[in-house]
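Residue numbering restarts at 1 for every chain, and letters A, B, ... go by the order of the sequence lines.
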Amino acid sequence: MMEYRLDLARTLDCGQAFRWTQSEDGLWQGTAGGKTLGVSQHDLSPVMEDAFWRNYFDMDFDYEGAREALAASSPVMAKAAAFSSGIQILNQDPWEALCSFIISQNNNIKRIKGIISRLCCGGCFPTPEQIIEIGVPGLRAIGLGFRDSYVYDAAFRVHSGLIDLDQIKTLDVPEATEALKTIRGVGDKVASCALLYGFHRLECFPMDVWMKRVMADLFDGMDGRDLFGPLAGLAQQYLFFYARELYYKENSI
DNA sequence: CACCAGGTGGAAC
DNA sequence: GTTCCACATGGT
């Protein structure tokens, strides 16, 4: 049994965050909450010794225990969990996560990163007020495509108080989902991603095309929320990584 | 030049 | 209820 350890590459480059880059020497650099970080896999002390980053990387959650619990749920999940060691669920900013996953729809990771990079313009992720200031034509110019009005609507609703992100933290997942879905361009999948990655609701199980395929092929079409319960979101990340990196390659389908 | 990308809204059955 | 399709953009 290998010792468990945060895996930066798997955690930062698996589609839950879009603002981290790795330089040739292996250093991961990113920004969150107005702070910047540079950290390498061989020395995680910059994460361990700073309260903000410790929380951001979710270092105080019992991932070993969670992995054991998930592995006990089924042989397939046990394989996926064993293969996906080191993936953790980040504590990202709710607003940034919400916008990021609106932008992610019908889009690819590379372009998502480019759009978000241009939105941030080297600094912090724009506030709702700054998004409103940019305006729909400005967002279109940045390359959001048809998602421009979606992000603008999110900004408008948060700025005006129609959506209260702090209050959403207090709602249960079905209520929070319904609240988020009042935003144009937010459906079940985007809401689920925002809640999992931005609000740390580990029971959320984002169903994208890949997960539909995984659940059909490996779990006889069962519902991941029923199978994995309060750890469904973590299970989803393991299965996503396992399926794309191993299962569908070995089986060449 | 077609087709795709970790979807969604809306119309048409 | 379900099934289609357009949606803007850059990459194969």
Side-chain angles (χ1 to χ4, degrees), chain A residues 9-20 80 83-84 87-90 92 96-120 131 134-157 162-163 176-219 221 223-225 228 232-249 253:
Chain A
R10 291 179 179 182
T11 299
L12 295 176
D13 207 17
C14 65
Q16 59 172 317
F18 302 99
R19 284 213 287 153
W20 291 88
F83 182 75
S84 310
I87 296 178
Q88 301 190 183
I89 306 294
L90 300 170
Q92 300 187 71
E96 178 175 337
L98 173 60
C99 286
S100 296
F101 286 98
I102 291 173
I103 292 165
S104 79
Q105 73 178 253
N106 192 222
N107 210 342
N108 59 67
I109 304 254
K110 184 170 184 179
R111 210 164 82 83
I112 297 164
K113 284 184 171 177
I115 290 168
I116 292 175
S117 170
R118 291 191 291 279
L119 263 182
C120 297
I131 293 283
I134 293 169
V136 173
L139 294 170
R140 180 62 62 102
I142 286 169
L144 276 82
F146 64 87
R147 310 162 195 81
D148 53 4
S149 61
Y150 299 167
V151 169
Y152 188 91
D153 187 55
F156 171 76
R157 284 174 187 275
L162 288 170
I163 297 257
T177 301
E178 287 316 301
L180 290 174
K181 282 173 70 175
T182 62
I183 299 167
R184 193 169 171 73
V186 177
D188 284 321
K189 196 274 180 177
V190 168
S192 191
C193 283
L195 288 171
L196 177 56
Y197 304 122
F199 295 82
H200 211 68
R201 297 295 185 87
L202 294 188
E203 69 268 46
C204 291
F205 191 83
M207 279 295 274
D208 54 47
V209 289
W210 282 92
M211 289 313 296
K212 285 178 184 164
R213 204 176 154 197
V214 166
M215 296 315 288
D217 292 353
L218 276 65
F219 292 94
D223 189 322
R225 290 164 296 191
F228 311 120
L234 184 60
Q236 192 264 14
Q237 278 300 87
Y238 290 162
L239 288 170
F240 183 74
F241 182 71
Y242 169 70
R244 289 186 51 150
E245 297 294 324
L246 185 63
Y247 182 79
Y248 288 123
K249 287 184 180 173
I253 51 177

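A distance of 5.0 Å separates CD1 in I89(A) from CG in L196(A), rounded to the nearest 0.5 Å. Taken to the nearest 0.5 Å, the CG atom of D208(A) stands 10.5 Å off from the CZ atom of F101(A).
For the pair L144(A) CG and dG10(C) P, the computed distance is 12 Å after rounding to whole Å. Here dG6(B) presents its C1' atom at 19 Å from OH of Y238(A), a figure rounded to the nearest Å. I103(A) places its CD1 atom 14 Å from the C1' atom of dG6(B), with the value rounded to the nearest Å. In this structure, the CG atom of L139(A) is 12 Å from the P atom of dT9(C), given to the nearest Å. Between Y150(A) atom OH and dA8(C) atom C1' there is a gap of 11 Å when expressed in whole angstrom units. In this structure, NZ of K189(A) is placed 6 Å from P of dG7(B), rounded to the nearest angstrom. One atom, CG of L239(A), and another, P of dG6(B), lie 17 Å apart when rounded to the nearest Å.
Nearest nucleotide to the side chain of R140(A), out of dC7(C), dG10(B), dT9(C): dT9(C). Considering only side-chain atoms of R111(A), the nucleotide from dG6(B), dT9(C), dC7(C) that sits closest is dT9(C). Listed nucleotides: dG7(B), dG6(B), dG9(B). Nearest to the side chain of R184(A): dG9(B). The side chain of D208(A) approaches dG6(B) more closely than any other nucleotide in the set dA8(C), dG6(B), dG10(B).
Among the protein residues, D148(A) comes within range of no part of the nucleic acid, since none of its heavy atoms lies under 4.0 Å from any strand. Residue F240(A) is classed as a base contact, given a heavy-atom separation below 4.0 Å to a base. Residue-level contact check: Q16(A) touches neither bases nor backbone, having no heavy atom under 4.0 Å from any strand. Note on G15(A): a base of the nucleic acid sits closer than 4.0 angstrom, heavy atoms only.
Taking the P atoms as reference points, dC4(B) lies 13 Å from dC5(C), given to the whole Å. For the P atom pair drawn from dG10(B) and dA8(C), the interatomic distance equals 15 Å after rounding to whole Å. Only the P atoms considered, dA6(C) is 14 Å distant from dA2(B), to the nearest whole Å. Nucleotides dG6(B) and dC4(C), compared at atom P, are 23 Å apart to the nearest Å.
Remark: dA2(B) base-pairs with dT12(C); criterion is Watson-Crick or G-U wobble with both hydrogen-bond distances under 3.5 Å.
Closest approach of L180(A) to A194(A), counting heavy atoms only: CD1-CB, 4.3 Å.
The residue among N106(A) and K110(A) whose nearest nucleotide of DNA chain C is located toward the 5' end is N106(A). Nearest-nucleotide positions on DNA chain B for Q237(A) and I183(A) put Q237(A) closer to the 5' end. Heavy-atom distances to DNA chain B give each of V186(A) and I112(A) a nearest nucleotide, and the one nearer the 5′ end belongs to I112(A).
Because its NZ or CZ atom is not both nearer than 6.0 Å to the ring centre of Y152(A) and within 45° of the ring axis, R147(A) does not count as a cation-pi partner of that residue.
Listed pair R147(A) / dA6(C) fails the phosphate criterion, with no side-chain N or O lying under 4.0 Å from OP1 or OP2.
For dG9(B), the base has no donor-acceptor partner in the side chain of Q105(A) [N/O atoms by modelled type, under 3.5 angstrom]. A donor and an acceptor atom never sit less than 3.5 Å apart when one is taken from the side chain of N107(A) and the other from the base of dA8(C).
In this model, no donor atom of one side chain and acceptor atom of the other lie less than 3.5 Å apart for D217(A) and Y247(A). A side-chain N or O of Y197(A) and one of Q237(A) form a donor-acceptor pair less than 3.5 Å apart.
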